[in-house]
Visitor: 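Can you read through this structure? Questions will come right after.
In what follows, every heavy atom counts, from backbone to side chain, and hydrogens, waters and symmetry copies are set aside. Given the structure is predicted, the values throughout are model-derived calculations rather than measurements.
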Amino acid sequence: MSDDDIPVGALLGAAYQAVVHGQDLAAREAVELVKELGFDKDGTAKPFRFAYQRTEATEAGPQVRTVHATVPLLSLVSPPTLSIDKAAISMSLHLVSQDIETEPADASTADGETPAAQKITPRLKGRIVHKDAGNAVMTIESTLKQRDLLGSSRLTQLLDAAVSDRDHLWYQVLDQAEPFREVATKLIDAVNQDGSTGNAVGVRRFLQQLWQLKESVTDAVSAFRDGQPEKIPQLHQRWNTECVKLAWIDRHTEPESMTQMRRTFLATATAVWNALLPGAPVAEFGPPPVKQLQGRFESAVTALAAASPDLAGLPERLRRLRAAVAQGCTARDYKEPDDITAALGRYNKIATEIRGMWNPSVLSRESWDAQDVLAAAAKEVWDALVHGGELEDFRVDVAGLEAKSTQALQELLNQVKPFPDPTQTALLARAYKPAFDALKKAQIAWKSRTRHPQYVVEITGFLNQFNYEISRIERREYSRATKSAWNDAVRDWNGKAHQFWGHLIDITSHKVADIDSVK
């Protein structure tokens, strides 16, 4: 037998043994790597710490949150944990001999059972076929498989989630930003062209401010894209500030086509800001709708009526004011300018009535303030209805009230001289003094809008002093001619006294003393 003749069993077994030995070596290498890389000397697993940024949608807008994670180091490192999934051995074998070995049968058992049959084992010998001029041909094919590690898979999931969440929010912002960009370009082009023709809206300053508004939104979207959300609130504040500067736009000179573009511009910009900063207020520019102005006016009417409950007749006149405004708004809807003018005339007539009926003694600071609010609301709504229309002011005319009161006080002083008796003349002059002091105190109260109770107490004190001096005047019997002159003077004095105090206080609730006539 040639030296190349090898028992076939040993030949096949050696091939498979080599495969198993290879897997054994890989396992031993993995154990050494785990011991050296994965654990400290005390047997504690070595940690691997890392952080990543995660973009989340919150009420305050997209927020970047830093997430910290710690995983065992071995969950990120893949040791050579190989498993042989399949092995195929191929060789060209030439069989050179075949023997059969027979082992003797087992001896009879004690209980007389028949012994087992003889064992027959084949013995094959062969040699690997040689190539013509090379070594023997023997091929071993194996499939190795690396096991997946749970820790590294989890890390991949975390990082993928962070990226996908940000992409999701980004596409939301992008969906809103594109319509804004288109309408902003159209609006700016329209304003630029309008300016070249000399129309009222197309002004250089307006164009610059529109550019600033557009850039505020564009920069905010870029900041979100670049992972810099901290810049977005500042840009949002810049938008609101610029909108306030653009509030002067006149609805009567703005073309209807540009009005529609402006409203679309604001709507698309609001959508972008809501995507970036959910819940944040977004300022607008341009005149508000007439319906909204009418609602403000009606709310202000209700507030003024509640703040001035002691002024008789005011609720009814305020109701008529509201009706005049409603008629004007309806006429505007039906494009009837003459009816709008007529409604304004009715409003002005009622406003004049209200201005003449105010009594300082029934006013409070709340009433003063409510008058201002209603006056502002009235101006806005009528400016929207009538371009350049004159509006009567229904509020307390402090300057006019001061002028009337001063004139009435002077006329009261002039009524001292006609009295024929010097004693009574001196007493009347003493009565004039608290009237003078009351007017000075009232003027201070009107300008500072002193609260109603304090004002009434102070003016009532002066009125009581006035009444006391009047009560000291005695009636005397005079000749027929003197009696007539006395009564004429008394009548004029009493009339002027009532007129003067009526400007300062409610004389239906606070009596003004009269000088008696001679019967």
Visitor: Taking atom CD as the centre, does Glu390 end up with more than 12 heavy-atom neighbours from other residues, nucleotides or ligands that are less than 6.0 angstrom away?
Guide: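 No.
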
Visitor: Applying side-chain contact (heavy atoms from CB on, under 4.5 Å) between Trp493 and each of Leu412, Asn414, Asp514, report the one that passes.
Guide: Leu412

Visitor: With distance as the sole criterion, is a donor-acceptor pair present between the side chains of Asp219 and Ser222 under 3.5 Å?
Guide: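 Checked: Asp219/Ser222 side chains show no N/O donor-acceptor pair below 3.5 Å.
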
Visitor: Is the ring centre of Phe265 less than 6.0 Å from the ring centre of Phe180?
Guide: yes

Visitor: Scan side-chain atoms only and decide if Arg322 and Thr302 contain a donor-acceptor pair under the 3.5 Å cut-off.
Guide: yes

Visitor: Under 3.5 Å, is there a donor-acceptor pair between the Gln260 and Glu256 side chains?
Guide: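 Yes.
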
Visitor: Would Arg262 and Glu254 pass as an ion pair if we require N to O under 4.0 Å?
Guide: yes

Visitor: Using the ring centroid of each side chain, check whether Trp501 and Phe466 are separated by less than 6.0 Å.
Guide: yes

Visitor: Test of understanding: with side chain to side chain donor-acceptor pair (under 3.5 Å), list the residues that count as partners of Glu411, not counting sequence neighbours.
Guide: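 If we apply the side chain to side chain donor-acceptor pair (under 3.5 Å) test to Glu411, skipping adjacent residues, the hits are Gln407, Lys496.
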
Visitor: Any side chain to side chain donor-acceptor pair (under 3.5 Å) pairs touching residues 271-281, not counting sequence neighbours?
Guide: none

Visitor: Could you verify whether a donor N or O on one side chain and an acceptor N or O on the other, from Lys231 and Gln228, lie under 3.5 Å apart?
Guide: yes

Visitor: Please test Gln212 against Gln208 for side-chain hydrogen bond (donor to acceptor under 3.5 Å, both in side chains), starting from the C-alpha separation and ending with a verdict.
Guide: CA-CA 6 Å; Gln212 291 172 355; Gln208 292 174 346; 6.0 Å; no

Visitor: Tell me, with the steps shown, if Asp372 and Arg395 meet salt bridge (charged side-chain N to carboxylate O under 4.0 Å, His left out).
Guide: CA-CA 8 Å; Asp372 289 343; Arg395 292 175 292 181; 2.9 Å; yes

Visitor: Is the closest side-chain heavy-atom distance between Glu215 and Arg238 below 4.5 Å?
Guide: yes

Visitor: Are any non-hydrogen side-chain atoms of Leu439 and Phe500 less than 4.5 angstrom apart?
Guide: yes

